[in-house]
Amino acid sequence: MQLTLWTYEGPPHVGAMRVATAMTDIHYVLHAPQGDTYADLLFTMIERLPRRPPVTYTTFQARDLGGDTAQLFKDAVASAFDRFKPRAVLVGSSCTAELIQDDPGGLALALGLPVPVIPLELPAYQRKENWGASETFYQLARHLSKPPDKSAAATPHKPCCNILGPTALGFRHRDDVREISQLLQALGVEVAVTAPWAASVEDLQNLARADFNVVLYPEVAHTTALWLERQFNQPYTRVMPIGVSATREFIQEVATLAGVEIPPDLEKNARSVWFSRSVDSTYLTGKRVFLFGDASHVVAAARFATEEMGFEVVGMGTYSREFAREVRDAAKKYNVEPLITDDYLLVEEQIKNLHPELILGTQMERHIAKRQGIPCAVISAPVHIQDYPARYAPQMGFEGANVLFDTWVHPLMMGLEEHLLGMFREDFEFHDGVAPSHLGSVRAQPTEAPPPQKSVSDQILVPSTAVAPITATAWSTDAEKELGKIPFFVRGKARRNTERFAMEHGLSTITVETLYDAKAHYSR
């Protein structure tokens, strides 16, 4: 076992909590020691849910280990059922309680509760959170799903589907479900069940009634979708609708499965297509980007970054070892070496080596980006409280593409603004004391007394505008090319400042090094 300050995923019972908390009438009884009881913190503080998670702990202490911890667990199950009256009960152990080997499933079944009891075997020392969520959802589907009524299936009806995968504590799951539900409705497809999010036991019993399944988050729903396909002949979608191109493919996939026509006006709100073309290509197109997160979001974001934003993927990776193959296959398209790890220190080392200009990652990469001074946007869990906004902010569908454009571009534009402010802070026309250019010379000059003069050694000498024009020195080819990368509206001032710097230092030829030395000089 590796000790670490940060971790991308919690133990698998956290994944089980996410599924239980997402549903409406499930209760999860967890055999766990005192100190492992942090469910309330996860869901009410970080995601800001208006209710407590449906989790009951046995909370045994060290002194209980010499007694009957099995009876302690049975008492906790019986008490939870009497208090919360759930329609089904999940039982399992935390990583610490797993070592006691009390068999929570057998103990709970022996109580003879009048509702389904679903035991969870989640090996905490071999698996992680997303696998735990996937396994929990799969076990719920296996225990609760019922075969469809054949007579009802034969009756003509509007095509319908299930949306599978959204959970509590999921990154933008709430808004993604709303966006994709609206998209399916526009296609003429009804949503029968959304699960686990806001689903009941009855909903899970009716999963097999739908014509097909929409898999939004493969890390959670892929195993269940495969089982439903084998058991009830329900096909499922493969495309994750992140970005305009992927959303178009998703729509085509759904239309094929449902046998419906695609309306002509579905893309009326897809503003990111035009917006991405309208941005100054000098400072966005070709930006070097590094991606890290869960496999599905990384693969989808890499496609959006290259095909629709014009970025260059210089590195990508995932902590989702179960989906490492998908990331490796995607990395081949961009000729990069994938990083498969759950060690954030290796991720930081990779970022240092690659020198990206933008990081698309998790909460971990946001911290790394701050230390490295690199713009960053979050695209994947794990996330923190600021990534559960009060506003509507999906990642999927056409509106999701609009959100992604804003989220990714704004850090780069702010970085550009800070760069220019630093470069021209002491310029005689652009410094803070100059009136805004659109006001001309009508602005009244300040009447207060002039500030005390600095000593000659301390003051910054600003040339007078009355000085004769500077005679241009010779520019090398490389320096002219580098100068061309500066925005046109300040390029002339950058040229004059650099030439002034060269003359003051007796340089007859301006090189790339001279250009950057001048920048550093005027940024002090």
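Worth knowing before you read on, the calculation uses all heavy atoms, side chains too, and leaves out hydrogens, waters and symmetry mates.
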With no hydrogens and no angle check, just 3.5 Å: does a side-chain donor-acceptor pair link [X] and [Y]?
| X | Y | result |
| --- | --- | --- |
| Asp75 | Gln71 | yes |
| Ser79 | Asp82 | no |
| Ser94 | His13 | no |
| Ser296 | Glu219 | yes |
| Gln139 | Arg142 | no |

Is [X] atom [atom1] crowded by more than 12 heavy atoms from other residues, nucleotides or ligands, each under 6.0 Å away?
| X | atom1 | answer |
| --- | --- | --- |
| Arg288 | CZ | yes |
| Arg83 | CZ | no |
| Glu261 | CD | no |
| Arg303 | CZ | yes |
| Arg325 | CZ | no |
| Glu121 | CD | no |
| Gln185 | CD | no |
| Gln231 | CD | yes |

Test your reading of the model: is there a side-chain donor-acceptor pair from [X] to the backbone of [Y], 3.5 Å cut-off?
| X | Y | answer |
| --- | --- | --- |
| Glu9 | Asn130 | yes |
| Gln234 | Leu207 | yes |
| Thr58 | Ala32 | yes |
| Thr167 | Val19 | no |
| Arg328 | Pro338 | no |
| Asn206 | Arg209 | no |

Problem set entry | side-chain contact (heavy atoms from CB on, under 4.5 Å) between Thr56 and Leu30, worked out | CA-CA 6 Å; Thr56 293; Leu30 188 64; over 6 Å; no
Exercise. How are the rings of His173 and Tyr217 set relative to one another: parallel (under 30°), tilted (30 to 60°) or perpendicular (over 60°)?
Worked result: parallel
Exercise. Yes or no on salt bridge (Lys or Arg N to Asp or Glu O under 4.0 Å) for Glu267 and Arg248, after CA distance, side-chain angles and deciding distance?
Worked result: CA-CA 9 Å; Glu267 297 188 28; Arg248 289 170 180 161; 2.9 Å; yes
[atom1]/[X] to [atom2]/[Y] distance, rounded to the nearest 0.5 angstrom?
| X | Y | atom1 | atom2 | value |
| --- | --- | --- | --- | --- |
| Met316 | Ile340 | CE | CD1 | 8.5 Å |
| Phe311 | Leu360 | CZ | CG | 7.5 Å |
| Asp342 | Thr7 | CG | OG1 | 6.5 Å |
| Met240 | Thr247 | CE | OG1 | 11.0 Å |
| Glu348 | Asn353 | CD | CG | 11.0 Å |
| Ser134 | Glu129 | OG | CD | 12.5 Å |

For this session: Decide, yes or no, whether a salt bridge links Asp211 with Lys158 under the criterion of side-chain N to carboxylate O below 4.0 Å.
Result: no
Problem set entry | Test: Arg127 and Glu135 ion pair at under 4.0 Å | no
For this session: List the steps and the verdict of side-chain hydrogen bond (donor to acceptor under 3.5 Å, both in side chains) for Thr256 and Glu253.
Result: CA-CA 5 Å; Thr256 301; Glu253 187 178 25; over 6 Å; no
Exercise. Is the cationic atom of Arg321 (NZ for Lys, CZ for Arg) positioned less than 6.0 Å from the six-membered ring centroid of Phe323 and within 45 degrees of its normal?
Worked result: no
For this session: Would you kindly check if the NZ (Lys) or CZ (Arg) of Arg271 is within the cone defined by 45 degrees around the ring axis of Phe405 and under 6.0 Å from the six-membered ring centre?
Result: no
Problem set entry | Verdict with reasoning, Val299 to Val327, per side-chain contact (heavy atoms from CB on, under 4.5 Å) | CA-CA 6 Å; Val299 172; Val327 175; 4.2 Å; yes
Problem set entry | Student check: side-chain heavy atoms of Ile379 and Trp408 closer than 4.5 Å | yes
Exercise. Which is it for Thr237 and Asn213 under the side-chain contact (heavy atoms from CB on, under 4.5 Å) test, yes or no, and what are the steps along the way?
Worked result: CA-CA 7 Å; Thr237 61; Asn213 293 310; over 6 Å; no
Exercise. Where do Gly243 and Phe304 come nearest, in terms of heavy atoms and distance?
Worked result: CA-CD1, 3.4 Å
Problem set entry | side-chain contact (heavy atoms from CB on, under 4.5 Å) between Thr306 and Tyr334, worked out | CA-CA 9 Å; Thr306 55; Tyr334 311 110; 3.6 Å; yes
For this session: Verify whether the ring centers belonging to Phe292 and Tyr8 lie closer than 6.0 Å.
Result: yes
For this session: Using the side-chain hydrogen bond (donor to acceptor under 3.5 Å, both in side chains) rule, take Ser320 and Asp294 through it: C-alpha gap first, then chi angles, then the decisive distance, then the call.
Result: CA-CA 6 Å; Ser320 305; Asp294 72 57; 5.5 Å; no
Seminar exercise, completed: Tested for side chain to side chain donor-acceptor pair (under 3.5 Å) against Tyr392, the lone hit among Glu179, Arg172, Glu399, Arg174 is Glu179
